[in-house]
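The structure displayed is predicted, hence computed values, not measured ones.
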Amino acid sequence: MAAGGEFEVERPRLVRIAAGILGDRHEAQDVVQLAWLRFNGADSSQIRSLPAWLTTVTTRLCLDRLRARVPEPVDPTAYGSAEMVSDTGLDPLEEVALADSVGVALNVVLECLTPSERVAFILHDTFGVEFGTIARVLDISPVAARKLGSRARGKVGARLPDRPPADWEVVDAFLEAAKGGDFARLLHLLAPNVVVSADAAAIAAGTPERLKGRVAVAAMFDGAAQAALPVLIEGRAGAAWFHRGVARVGFDFSVRSGQVTSIVFRAAPEAIAAVVPRRGAEAAPHRAVRDVTRELSQPSGR
C-alpha cells in the first residue's frame with residue numbers, strides 16, 4: 001500500500017482521538033492534516049509502527065494547541081504520592097470507573113484538566129492507550145504518566161453530579177454527541193456490550209439487523225442521527241428519525257447506570273404510533289407534529 005493510502009486508513013482513528021482531546025471535530029481535522037504533512041515529509045523507513053508514530057504526532061499537535069489555550073503548571077509531574085487514594089478509600093481510577101455520569105458530563109469536566117491530564121485521560125480512559133505509550137507521547141516517565149491519569153480521574157470524579165443522570169439526559173447527551181461527531185463522548189455513554197438491533201420494518205428500511213460492542217456502535221453513530229429528535233416511545237425516553245414532520249423510525253433506548261445498554265430501531269406501525277415528541281423528560285406541548293418537530297430542531301442555546 002502506498003504511503004498516502006496507509007495514512008488514509010489511519011485518518012478516521014486520528015480524527016477521533018484529536019476530537020476527543022480538543023473537543024472540536026473541525027479543529028481535529030486541521031490537526032490531522034498537519035500530521036499528514038509531517039508524515040509526508042518524514043523518512044518512512046525510520047518509522048517502525050505507523051499507527052504509533054501517527055498517534056504520537058497527532059497527540060503532540062493537540063497538546064501544543066491545548067497549551068496555547070492553557071499553559072501547563074510549572075512542574076506537571078509533581079503530583080505527590082503515586083498512590084493517590086481518595087477520601088472514599090478508592091484510587092481515583094476505580095472511583096471514576098464506578099461513576100455513572102462521565103459520558104453526560106464529559107464536555108464540562110474536561111475543562112478542569114491541564115493539557116497533559118486531558119491527554120492522559122482521553123488516551124487511556126477513552127481509547128485504552130497504555131500508560132507506556134502515553135509516557136512517550138508526553139515525553140515523561142511511565143510512573144509520571146500514571147500519576148497524570150490518576151490526578152485526572154480524581155478531578156473528573158470531583159466534578160461529576162452527585163445524582164445519577166436520568167435516562168432522558170443520557171439519551172439526549174447521546175444524540176448531541178452523535179450529531180456533533182464526538183466519538184470520545186459516545187464511547188463513555190455506551191456500555192461495553194451495548195447491542196443495536198431492529199424490528200423487521202426497520203431492517204426493511206435499511207437499518208442494520210444487529211451490531212454489538214461499544215466501538216462498533218459509536219462508529220455507526222459518529223456524526224450521524226442529524227434528523228433524529230428526542231421523543232417518548234411508550235413513555236420511555238428515546239429518539240426518532242423524522243421525515244417531513246412524520247416519525248419514520250424510533251430509536252428505543254435501554255439505559256442502565258448512566259450508559260446505553262441497547263438501542264432498538266423500531267419502524268413497525270404500532271411503534272411509530274407510540275412516538276411522542278418531548279422536551280427533556282416531558283412530552284412536548286400538544287400541537288401539530290410538524291410544528292413541534294420544527295421547534296425541537298431549533299438550537300436550544302446551550
Side-chain angles (χ1 to χ4, degrees), residues 8-20 25 28-29 51 97 100-104 106-107 122-129 165-234 236-243 247-272 274-275 278:
E8 290 307 314
V9 169
E10 294 294 324
R11 185 185 290 273
R13 181 181 67 86
L14 298 174
V15 169
R16 288 166 179 169
I17 289 174
R25 193 173 182 88
Q29 290 168 339
D100 53 15
S101 304
V102 176
V104 172
L106 184 65
N107 290 356
I122 289 294
L123 288 184
H124 184 269
D125 287 58
T126 304
F127 292 100
V129 177
D167 288 0
W168 72 265
E169 292 177 299
V170 177
V171 172
D172 288 1
F174 182 89
L175 286 178
E176 183 180 53
K179 293 177 182 181
D182 191 342
F183 188 81
R185 194 177 183 197
L186 286 172
L187 288 177
H188 282 280
L189 286 163
L190 292 166
N193 294 318
V194 61
V195 174
V196 168
S197 58
D199 65 18
I203 293 171
T207 62
E209 182 174 355
R210 186 175 176 84
L211 200 62
K212 184 175 182 179
R214 175 184 280 160
V215 174
V217 174
M220 174 187 174
F221 280 94
D222 187 27
Q226 297 298 327
L229 296 172
V231 301
L232 294 172
I233 301 178
E234 297 174 351
R236 296 182 300 278
W241 172 63
F242 282 80
H243 180 63
R248 300 296 187 185
V249 180
F251 304 171
D252 199 348
F253 285 76
S254 293
V255 178
R256 185 180 301 123
S257 299
Q259 291 184 317
V260 176
T261 57
S262 73
I263 304 171
V264 181
F265 290 107
R266 301 178 64 188
E270 62 272 19
I272 296 303
V275 168
R278 67 174 170 84

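Remark: Glu209 CD is loosely packed, at most 12 non-hydrogen atoms of other residues, nucleotides or ligands lying under 6.0 Å away.
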- Can you check side-chain contact (heavy atoms from CB on, under 4.5 Å) on Leu211 and Met220, steps first, answer last? CA-CA 9 Å; Leu211 200 62; Met220 174 187 174; 3.7 Å; yes

- Query: Hey, mind stepping through Val275 and Leu232 against side-chain contact (heavy atoms from CB on, under 4.5 Å) and telling me if it holds?
  - Reply: CA-CA 6 Å; Val275 168; Leu232 294 172; over 6 Å; no

- Query: Should Phe183 and Phe221 be marked as a ring-ring contact (aromatic ring centres under 6.0 Å, His included) after you check the CA-CA gap, both sets of side-chain angles, and the distance that decides it?
  - Reply: CA-CA 8 Å; Phe183 188 81; Phe221 280 94; over 10 Å; no

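Considering every non-hydrogen atom in both Thr261 and Val255, the closest pair reads OG1-N, 4.2 Å. Of all the heavy atoms in Val104 and Leu189, the pair that sits closest is N-CD2, 3.7 Å. Between Ala267 and Asp199, the shortest heavy-atom contact is N-OD2, 3.0 Å. Among all heavy-atom pairs drawn from Phe242 and Ala240, the shortest one is CD1-O, 3.4 Å. Residue Arg266 comes nearest to Arg236 through the heavy atom pair NH1-NH2, 3.4 Å, listed as atom of the first residue, atom of the second, then distance. Of all the heavy atoms in Leu186 and Ala178, the pair that sits closest is CD2-N, 3.8 Å.
Arg214 contributes no side-chain N or O that, together with a main-chain N or O of Asn193, makes up a donor-acceptor pair within less than 3.5 Å. The main-chain N or O of Val264 is never found under 3.5 Å from a side-chain atom of Asp252 such that the two would form a donor-acceptor pair. At distances below 3.5 Å, not a single donor-acceptor pair connects side-chain atoms of Thr126 with backbone N or O atoms of Ala184. Between the side chain of Gln259 and the backbone N or O of His188 there is at least one donor-acceptor pair closer than 3.5 Å. For Lys179 (side chain) and Asp222 (main-chain N/O), no donor-acceptor pair under 3.5 Å exists by modelled atom type. With hydrogens and angles disregarded, no donor-acceptor distance shorter than 3.5 Å links the side chain of Ser254 to the backbone of Ser262. Looking at Arg25, its side chain does come within 3.5 Å of a backbone N or O of Gly181 through a donor-acceptor pair. Checked by atom type and distance alone, the side chain of Arg13 pairs as donor or acceptor with a backbone atom of Pro51 at under 3.5 Å.
By the 4.5 Å heavy-atom criterion applied to side chains, Arg185 and Asn107 are counted as neighbours.
Classification of Arg278 and Asp172 as a salt-bridged pair holds, one side-chain N sitting under 4.0 Å from a carboxylate O.
Remark: Asp182 CG to Arg16 CZ distance equals 12.0 Å, nearest 0.5 Å. Atom OG of Ser197 sits about 8.0 Å away from atom CD1 of Ile203, to the nearest 0.5 Å. Atom CD1 of Ile17 and atom CZ of Phe127 lie 5.5 Å apart (nearest 0.5 Å).
The aromatic rings of His243 and Trp241 sit parallel, their planes meeting at an angle under 30°, below the 60° perpendicular limit.
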